[in-house]
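Side chains included, hydrogens not; waters and symmetry mates left out as well; all remaining heavy atoms used. Count residues from 1 along the sequence.
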Amino acid sequence: MNPLTSVKWPLIIGFALAVAIAALVGGGIAFNLASFARWLHIVFGVFWIGLLYYFNAVQTPAMAVAAADKGGPGGAGINKYVAPRALLWFRWSALGTWLLGAWLLSQTHGRFINSFTFGLLEDPVSRSNVIMGIGAWLGTIMLFNVWGLIWPNQKKILGLKPATDEQKAAARKVALYASRINFLLSIPMLMCMIGPSHGLPF
């Protein structure tokens, strides 16, 4: 059996390889929950934002071209086979990213509250918490858009939930705009996520 022919085995082997590298470089296995959670937060985030960029930069424009190509195969294959699988990874990686990020903030006394209140409860106000708070709120808005707007409407579009043609047309518009909002919010969100540790670019 070739492990590269599935998704499961590269994920398992990749995580095992990462643990082996950490053990070799670190001189043994001394589990650090916060470091482990931060690593998973980043992995989940790459899945989430990578799929967001795929949907906005690749799949949605390609579906528009496919719909306009009267002699082509259309987008039925993508809607039937690709989109449901991509949306499964998309929505759960979004949730995992947010939950892990929230847990990481909660591990430093007051950081969760101070981030989500932009440091306004502190004296003096922490610039780091202002930056992290902006990123955390952008990520929270994006998570709401995934679970509250994109996924419910995609279920109608993909035929996973009964809907009339008019309802599907309305669902396409809501899902598209929510996804595009997430696409644009992801850029400042990523800047704010790394800003407290690595500085802002300007």
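At a threshold of 4.5 Å between non-hydrogen side-chain atoms, the residues M191 and I131 do not count as touching. Within the 4.5 Å cutoff, the side chain of I49 has heavy atoms near those of the M189 side chain. In this structure, the side chains of N129 and F118 stay at 4.5 Å or more apart for every pair of heavy atoms. No side-chain heavy atom of R180 sits under 4.5 Å from any side-chain heavy atom of L184.
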Evaluate the criterion side chain to side chain contact (heavy atoms under 4.5 Å, CB included) for residue pair S115 and W137; output intermediate values, then yes/no.
-> CA-CA 9 Å; S115 292; W137 272 111; over 6 Å; no

Apply the test side chain to side chain contact (heavy atoms under 4.5 Å, CB included) to residues L149 and Y177: give CA-CA distance (whole Å), side-chain angles for both, the deciding distance (0.1 Å), then the verdict.
-> CA-CA 9 Å; L149 298 174; Y177 291 164; over 6 Å; no

Start with the C-alpha distance between T164 and Q167, add both sets of side-chain angles, then the distance that settles side chain to side chain contact (heavy atoms under 4.5 Å, CB included), and finish with yes or no.
-> CA-CA 5 Å; T164 65; Q167 289 171 327; 3.2 Å; yes

Kindly indicate, with the supporting measurements, whether the criterion side chain to side chain contact (heavy atoms under 4.5 Å, CB included) is fulfilled by M132 and M193.
-> CA-CA 6 Å; M132 183 60 71; M193 289 291 105; 3.7 Å; yes

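In this structure, the separation between CG on L104 and NE2 on H41 is 6.5 Å, given to the nearest 0.5 Å. Note: N56 CG to S179 OG = 3.5 Å, rounded to the nearest 0.5 Å. To the nearest 0.5 angstrom, F116 atom CZ is 6.5 Å from L105 atom CG. Taking CG from L158 and CG from L87, the interatomic distance works out to 6.5 Å, rounded to the nearest 0.5 Å. Note: M1 CE to W9 CH2 = 5.5 Å, rounded to the nearest 0.5 Å. Here R38 contributes atom CZ and S197 contributes atom OG; the two are 7.5 Å apart, rounded to the nearest 0.5 Å.
For K168, the NZ atom is densely surrounded, since the number of other residues' heavy atoms within 6.0 Å is greater than 12.
Although no hydrogens or angles enter the test, the distance criterion places a donor-acceptor pair under 3.5 Å between the side chain of T60 and the main chain of F55. With T5 contributing its side chain and N2 its backbone, the two residues share a donor-acceptor pair below 3.5 Å. The backbone N or O of M142 lies less than 3.5 Å from a partner atom in the side chain of N182, making a donor-acceptor pair. Remark: side-chain polar atoms of T108 are not paired, donor with acceptor, to backbone N or O of R111 under 3.5 angstrom. Checked by atom type and distance alone, the side chain of Q154 never pairs as donor or acceptor with a backbone atom of W151 at under 3.5 Å. Listed for the D69 side chain is no donor-acceptor partner under 3.5 Å among the backbone atoms of V65.
Linking ILVMFWY residues whenever their side-chain heavy atoms come closer than 4.5 Å, directly or via other members, places V146 and L160 in the same cluster. V43 is not connected to I194 by any chain of hydrophobic side-chain contacts under 4.5 Å among Ile, Leu, Val, Met, Phe, Trp and Tyr, and they are in different clusters. Both L40 and F47 belong to a single network of hydrophobic side chains, linked directly or stepwise wherever heavy atoms of I, L, V, M, F, W or Y lie under 4.5 Å apart. There is no path of hydrophobic side-chain contacts, each under 4.5 Å, that joins V46 to L88. One hydrophobic cluster, built from ILVMFWY side chains closer than 4.5 Å, cannot hold both F15 and I13; they sit in different ones.
Judged as a side-chain hydrogen bond (donor to acceptor under 3.5 Å, both in side chains), the pairs with a partner in residues 90-104 (not counting sequence neighbours) are, in order, W98-T140.
Between W48 and G139 the shortest heavy-atom distance is CH2-O, 3.8 Å. Scanning both residues, F90 and L51, for their nearest heavy atoms gives N-CD1, 3.5 Å. Of all non-hydrogen atoms in A66 and G75, the two that sit nearest each other are CB-N, 4.0 Å. Across I134 and C192, no two heavy atoms sit closer than the pair CG2-SG, 3.7 Å. Nearest heavy atom pair, residue I150 against residue A175, reads CG1-O, 4.0 Å. Of all heavy-atom pairs spanning S6 and P10, the tightest one is O-CD, 3.0 Å.
Counted by atom type alone, N114 and S126 present zero donor-acceptor pairs between their side chains at under 3.5 Å.
In this pair, F36 and W39 present their aromatic rings perpendicular. The plane angle is above 60°, beyond the 30 to 60° band.
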